[in-house]
Amino acid sequence: MALPFLSREFLHILGTGQGGRGLLSVAAIALGVALGYAIHLIHAVAVYEMEQAARSLTGEADLVVQSLQGGMDESWYPVVARRPEVAVASPVLELEAKVPGRTEKLKLLGMDVFRADALQPAFFLGGTGDALDRLRPDRIFLNPASAAWLDAREGGEVILQSGLSLVKLRVAGTVNIPGPPVAAMDIAGAQAQFGQLGRITRIDLRLVPGIAAQRAAQSLQSVLPEGIRVEVPEARAAQAAGFSRAYRVNLNVLALVALFAGGLLVFSSQALAVVRRRSQWALLRALGVRRNELAWLLVMQAAAVGALGGVLGVMLGYWLAQAALDLFGPDLGAAFFRGIAPQLAVAPGAAVFFALLGAAAAALGSLSPALEAARAAPARALHAGDDERAFARFGSPRAGAALIVLGGVAAWLPPVAGLPVFGYIAVALLLIGAIVLLPWLSRAVFALLPMPGAPLAGLSFAQLRAAPSRASLSLAPLVASIAVAAAMAVMVSSFRYSLEAWLDRVLPADLYVRAGGGGDTAYFTTDAERLLRGMAGVERVEFARSVAVSLSPGRPPVMLLARQLDPAAPGARLPLIGESLRPGAGQLPLWVSEVAADLYGWGVGGTIRLPIGGRMVEGVVAGIWRDYARSQGAIVMEREAYRNLSGDERANEAALWLRPGTDPGAVARALAAAFPAGALETALPGELRRISLAVFDRTFAATYVLEGAAIAVGLAGLSASFAAQVAARRREFGMLRHLGVTRRQIGFMLACQGALLALVALIVGLVLGSVISLILIYVINRQSFHWSMDPAVPWAALAAFALATVVLAAATAWVSGRQAMRREAVLAVKEDW
Amino acid sequence: MRANPEDLLALRGLAKSFGRRSLLRDIDLEVRAGEYLAVMGESGVGKSTLLNLIAGLDQPDAGSVVFEGRELTRLDDDELTLLRRRRMGFVFQAFHVLPYLTVAENVALPLLLNGMPRQETDGRVAELLAAVGLGDRAHSRTAELSGGESQRVAIARALAHRPRLLLADEPTGNLDADSGRQVLELLRRCTKDQAASVVMVTHSPEAAAFADRVVRLTAHGLTAA
Ligand SMILES: Nc1ncnc2c1ncn2[C@@H]1O[C@H](COP(=O)(O)OP(=O)(O)OP(=O)(O)O)[C@@H](O)[C@H]1O
Ligand SMILES: [Mg+2]
């Protein structure tokens, strides 16, 4: 008997006669599902591209022999190639090549053409030139992404930097590597052109069929020194995926917020819809519909609405993801994927899952109101005015307090697999707990607020105060979105404030000069160093060398920074945090960045073994410093010690202190004239500061959009429930119109109520938001990025935000309640109860 | 026909139809100051519609409504609203007392709307509640009242600001015979005390008996009963 009835009911809630509120809950679900699904799609593309890139770089190798720092001598190649387990061995020199005038590096693979082809056929795709092009030292092969990025086509020229001079290479064809920009050339040519004679960075291996990779890895490792490690390619792919974690965490937060806000919107609109028609349900019960039948009917109705929203949401989500990809790329602006036009891959399973998620959210949202409607005594529910009793059942102070306590406990738990799983759970528990507490909280806030003296404002207030549970249901989405928006605002502001303070600490010199920071192919030679020290107006120069050091097979390499600093006073150069240690004689002091300390579990006084110059070296952690520049971790050691251990005389960066009265701009111009164009980058500290902050602001621009979206969702919830509330109180407003309340005054009352509700939402939401911001700062952010920051509250921005919310809520309420101002509303008084 | 200066309210040639259905045609009616008038008629004949036109809550298709010498059809919504606020009172079949206000607050509402300072309303409210026999219930929640008591609160509210005209649509429709009689007695006594006019729509001849004059609305127009 339920089915035909269900279908008619379904049409009923979808709109006709319901002021389109059914459509609104469809839209709410669609929005939540769309955001979640879009983020999922973008995420899937990003991970796919990352893994593709990592896999294709090692071709179809079974094992990779990898140098942990600075490459290995090529004499290791015949040792490995002659092992009985090895079928094909292909030596590779992998360089991060500096492209003059660009900040991002180009990954350049020097390869032995024949061996590379044996490992992975059709790797080099020759162009129109002859086959010998692959062996010529001045030819380069680009993959599609690098061709797009460098805007170079076959026959064209690519200029790369070697030391401080420039190398011209002719584009001879393409290299078959999907994913981010990569170029390849002959290994001997690369060694010669980039000052790497006799060095390789890794050897890709194909094993003799039938030999297990793990066994072969063990036996190979036994003949190799500690600074060279045998790895299975999957570990490298995992490492590349780990590289994308920073932004993945960001995306997860977005998805979480979207789904949560959508779910809340569904809950509040369902609860309002069910309660509004409470007397109809009571009538059905009186006519003999059983409890379970009624609850089932209501939940199924909601699920049907949710499924419709889910399907629409999946379509909208696909469109959103495509638009976001077109606009920002799969990393949403982080530039890991320059030059690629990725394709969305639609897996039917995921699409169905997200559509069902919409149905499930709606069904769950209606469960509690449906059970309430089924449980209510029909005689009482038949009477109008029993709504508040129904609403009051949705809140429970005890359950709310328990959830909040659980959330507090979860915030203290450690990360799971390097992800702040419990941090997210803590945020979710706090949000849900606060919402469950909301009827009680809003009653408390209403009791605290003074009754306005003006009759209409007083009336509005009395109306709200008499039905705190109903009011709090309208508030739930708004409270959640205010809390999330405020938490993000505080987190971003704390981050920015800490970054500014950090920049002030780490940029003490007058002028900074860089030769392709962090890349392998650009550096200062000793001659260049001498030239720099002798420049007119230069008082003192400190050089720094940065090299990548691989410490753990599952992790990307850490930056080793060799710089001039006084071991007795490292705080003069490093923004140290916490205690530091004076190392004893004969000990090698190391200062590790916070990120490295977190990732590898290092503490002050502990020892670290590092591969330097092909040997393992032991050092002592003398201090931990804050570093916002290197997300994979960094280790600082004295440059002198590094030079002695490695024999590496090169440097990448120089900090210049000038004589008083010298114009830094003039020195920068003189430097530029002394070296080939584009080989050096000079920057004033003020410029670096400004650029860093600009990059920061651009990266976080998306969060401002999201904050806006969160508030829009919250206001949509408010609007939906306001419309419902006004519909339910038509007669009351009609009576007031009889008593001589003008249309404008009704509008004023509605606006007052909107503003009042926003005020309550702000009081609860801002308190909740500041607690969540602490979790973001100390738990989620710390555990996923390993960056600490000092909390800073953006008071002015929050005040403006609060004011805007109140005004918008007043306007929303006024607009949503327009039906109460219509002429017909006056006559509603005559409707029968 | 010229308007009689003694008439508080005068309807002339009033007509109203909804869609094709013509409901009221050529209605003429005068109500003198202080007069208690009952309008009877079958269900659906247009009695409530007539009250709406008198209150300026709806616009007639033709004819005029003159209240205290002012032509209501020429006033805009705000002016009509202010007129209702100052000069009219309403009693509804379904009471419509606000559940979230106390008895006293409900009665004070029209006074506050008319700009009386809150402190000064107490005396008037007490006087009215005493008049309707609810002097001891001033601070009760209206949800705790019976139907008859609710309607007495509604009468006190309708008269609080000393309106010239009180419009009542089936004021006893939701009440049992005993409470209905009490309410009607009260309504008559209080309006006479204040010299307010009443237009009361009712089905019941017993109720109509409380009026000074009874008219009957039929499909053909208004006739004296
Ligand atoms: N706004 C409106 N739009 C369309 N039709 C209306 C409207 N208001 C009233 N009617 C119709 O006009 C007719 C008379 O309505 P009215 O409420 O005036 O009757 P009534 O005499 O008060 O009846 P009752 O004694 O049952 O209250 C009814 O048939 C009603 O359907
Ligand atoms: Mg009627």
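A note on names: the letters A, B, ... follow the listed sequences, proteins ahead of strands, and every chain is numbered from 1.
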Under the criterion salt bridge (charged side-chain N to carboxylate O under 4.0 Å, His left out), I'd like the reasoning laid out for B:Arg152 against B:Glu149: C-alpha separation, chi angles, the key distance, then a yes or no.
CA-CA 5 Å; B:Arg152 274 142 69 188; B:Glu149 287 166 337; 5.4 Å; no

Please step through ring pair (Phe, Tyr, Trp, His ring centres under 6.0 Å) for the pair B:His96 and B:Phe90, ending with a clear verdict.
CA-CA 10 Å; B:His96 291 301; B:Phe90 292 85; over 10 Å; no

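Residues B:Asp76 and A:Arg743 are not paired through a salt bridge, judged by the lack of any N-O separation under 4.0 Å between the basic side chain and the carboxylate.
Using a 4.5 Å cut-off between heavy atoms, B:Arg86 makes no contact with chain A at all. With a 4.5 angstrom heavy-atom cutoff, A:Leu459 touches chain B via backbone and side-chain atoms both. Contact annotation for B:Leu109: only side-chain heavy atoms (C-beta onward) come within less than 4.5 Å of a heavy atom of chain A. Contacts of A:Arg744 with chain B are made by side-chain atoms alone, with heavy-atom separations under 4.5 Å and no backbone atom involved.
For B:Tyr100, the side chain to side chain donor-acceptor pair (under 3.5 Å) partners at least two apart in sequence or on another chain are A:Gln463, A:Glu732.
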